[in-house]
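Since this is a predicted model, take the numbers as computed values, not measurements. Numbers here simply count residues along the sequence, with the first being 1. Any value given below was found using the heavy atoms of this structure, including those in side chains, with hydrogens, waters and symmetry copies removed.
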Amino acid sequence: MNNKMIARFIGKILLVEAAFMLPACGISIYQHEEAAVQAFLITILLTVLMGGALVVTVRTEKKGFHAKEGLVCVGISWIVLGLFGALPFFLSGSIPNYVDALFEIVSGFTTTGASILPEVELLPMGILYWRSFSHWLGGMGVLVFLLAVSSGDERSKGFTMHILRAESPGPKVGKLVPRMKKTAEILYILYMILTVLNIIFLLIGGMPLFDSICTAFGTAGTGGFGIKNDSIAGYSPYLQNVCTVFMLLFGVNFSCYYMLLLRQVKSVFKDEELRLYLGVVFGSIVLIVWNLRGFYGTLGETIRHAAFQVASIVTTTGFATTDFDLWPAFSKAVLLCLMMLGACAGSTGGGFKCGRALLVLKGLRRSVRQIVHPGKVEVVRVNGRTVEEKVLENTNAYLAAYTLIIVASFFLVSVDGFSVTTNLSAVLACFNNIGPGFEMVGPTCNFSGFSMFSKLVLIMDMLAGRLEIFPILILFSRTTWGKR
């Protein structure tokens, strides 16, 4: 284990986090929010001291940086980000309990959007900005950002590839260009362009600048933290429709946008995962609109709310324009299925991912055919390319871990004595990085009622879900820390 390189990289991550707190601190200074200013300054100082100490005192070794180090580095980095990122909430008194503050910021970084706050509008503006910006930073990944802006002088072979593979969502990370550092740069450039476009369209609709920026952060990271108690419900239909479109755009694999820039339009529309994603979205909207007939005053209003909530849930954003917990059972069942499916691989969305679902379905079809024709050799193909057996094995392993963690977490949080629907939807909402669930954790409620123990379980669920399980699981493996 290359412990020195891991420690040095974590130090750089802390310095980046401290730098990103400066705008939030500046907003608090401008708004004369004394408690928030003091909290940010103390946190920035502590973060810089810790990060600087790790960078200065730990020298990078020359020996290799392998997949195991990449997974460990990502897992520890995200935990450390949460531990320090929660301090402004706690020190400012905005969230007096540190576990609650940790829950809130981990929910932000993992783009979950689950909250323990009953009245978000009471928070200082600087705290609100930091809370929303954590979505944007966590959406594409802070480690990917560091790779994009780094000098690229890391001497260990495979360093950037293992970091990018460990942090990027989806069953497989491919190179957009031969150099992985360049890939990270392209991803963040596309991410920033879409975010700026989102802000512009929100401003055109009359949304205030601060609201537009925070809402765009939540949409881009598919996070869902709102700065209003009613989420997006209080804004105009135009603004809600803008959010619907951009949530769906951020749920698309970013490599599709890169191919569009290269004018490979046919390749994009032939992408099987994209077609599955769009098919699920439009099919779900049709089913819910049919089920909600007569629930709202007009067909247009029904379509708007159905499209918004489908986009919000399938992309794991978590915004809300209406209390969908009041919808008929069939519509809620559709949303529950979308919670588990999630968006495309390589997007900022969470969930199981359409890419994995596609592999599981094709693998299942192959297994059925082989039962009927035992002697027939058949390979799984996606977009005309043969999928390696190792990728299929990893997908099946992920499905097994995904199921086991949900079941275990459900049992653990059930000790609080809430209803089955509340507990199960809370676990699914946190593990799939969605935010709202049903009943006590519905769109008009929050997670404050859970015990400290259950909140810690849900925090680990959020981290495991955002990091695709294995970077967190490997931290608890004895073989990870043992000698080879």
Side-chain angles (χ1 to χ4, degrees), residues 110-112 135 138-141 144 164-165 167-176 183-184 186-188 190-191 193-195 198 219-224 243-262 264-285 307 310-318 335 337-363 380-385 387 391 394-395 398-399 402 431-434 465-469:
T110 59
T111 70
T112 302
H135 277 336
M140 190 59 67
V144 175
L164 190 59
R165 282 188 183 277
E167 190 180 44
S168 297
K172 189 177 182 180
V173 174
K175 296 181 181 180
L176 301 183
T183 296
I186 292 172
L187 288 173
Y188 253 99
L190 291 171
Y191 191 43
I193 290 173
L194 283 174
T195 304
N198 193 3
T219 305
T222 60
C243 290
T244 299
V245 172
F246 275 93
M247 284 189 292
L248 292 174
L249 289 176
F250 281 106
V252 173
N253 192 321
F254 273 65
S255 63
C256 291
Y257 298 128
Y258 182 68
M259 287 191 288
L260 287 177
L261 292 176
L262 298 178
Q264 297 178 6
V265 180
K266 290 184 178 180
S267 299
V268 173
F269 287 101
K270 287 182 179 179
D271 186 270
E272 293 185 52
E273 183 188 27
L274 179 61
R275 288 191 292 181
L276 174 63
Y277 170 67
L278 295 177
V280 167
V281 167
F282 290 112
S284 300
I285 292 173
V310 167
S312 180
I313 297 300
V314 77
T315 61
T316 70
T317 304
L335 294 182
C337 293
L338 294 178
M339 283 184 181
M340 293 181 282
L341 178 62
C344 296
S347 70
T348 59
F352 188 72
K353 302 291 188 302
C354 289
R356 282 199 184 90
L358 190 64
L359 292 177
V360 169
L361 291 174
K362 292 199 171 197
V380 174
R381 298 181 185 276
V382 175
N383 297 331
R385 298 179 181 178
V387 179
V391 174
N394 290 340
T395 301
Y398 184 91
L399 177 59
Y402 178 90
F431 188 58
N432 292 295
N433 305 135
I434 296 164
R466 171 57 182 85
L467 298 179
E468 306 287 321
I469 299 176

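Salt-bridge annotation for R356 and E468: present, with a side-chain N of the basic residue lying under 4.0 Å from a carboxylate O of the acidic one.
Here OG1 of T110 is found 8.5 Å from CG of L467. Values are rounded to the nearest 0.5 Å. The OH atom of Y398 sits 4.0 Å away from the CD1 atom of I469 when rounded to the nearest 0.5 Å. With values rounded to the nearest 0.5 angstrom, R275 atom CZ is found 13.5 Å from C354 atom SG. Taken from CG in L335 to CD1 in I434, the straight-line distance is 9.5 Å, to the nearest 0.5 Å. A distance of 7.0 Å separates CZ of F282 from CG of L248, quoted to the nearest 0.5 Å. Of the inter-residue distances, the one linking K353 atom NZ with L358 atom CG reads 14.5 Å to the nearest 0.5 angstrom.
When T317, I313, V310 are each tested for a side chain to side chain contact (heavy atoms under 4.5 Å, CB included) with M247, only one passes: T317.
With sequence neighbours left out, the side-chain hydrogen bond (donor to acceptor under 3.5 Å, both in side chains) criterion links E272 to K362. Not counting sequence neighbours, the partners of F246 by the ring-ring contact (aromatic ring centres under 6.0 Å, His included) test are F201. Applying the ring-ring contact (aromatic ring centres under 6.0 Å, His included) rule to Y277 yields no partners; only residues at least two apart in sequence or on another chain are considered.
In this structure, the side chain of S347 does not engage the main chain of V252 through any donor-acceptor pair within 3.5 Å. A side-chain donor-acceptor contact under 3.5 Å links T222 to the backbone of T348. In this structure, S312 contributes its side chain and G318 its backbone to a donor-acceptor pair below 3.5 Å. A donor-acceptor distance shorter than 3.5 angstrom exists from the side chain of N253 to the backbone of A345, with no hydrogens or angles considered. Side chain of N432 to main chain of G350: no donor-acceptor pair is present (N/O by atom type, distance under 3.5 Å, no hydrogens or angles).
At least one side-chain heavy atom of F352 sits under 4.5 Å from a side-chain heavy atom of V360. M140 has its side chain within reach of L187: a pair of non-hydrogen atoms, C-beta onward, lies under 4.5 Å apart. Contact of the L338 side chain with the S284 side chain is registered, since non-hydrogen atoms from C-beta on lie closer than 4.5 Å.
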Criterion side-chain contact (heavy atoms from CB on, under 4.5 Å) on L190 and Y257, from CA distance to verdict: CA-CA 8 Å; L190 291 171; Y257 298 128; 4.2 Å; yes
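The two residues H135 and T112 come nearest to each other via the heavy atoms CE1-N, 4.2 Å. For the pair C256 and V268, the tightest heavy-atom approach, listed with the atom from each and the gap, is O-CG2, 3.5 Å. For the residue pair T315 and A343, the shortest heavy atom distance occurs at CA-CB, 4.1 Å. Contact record, C344 with E273: CA-OE2, 3.3 Å, taken as the closest heavy-atom pair.
The aromatic rings of Y402 and F431 lie tilted to each other, with the angle between the two planes from 30° to 60°.
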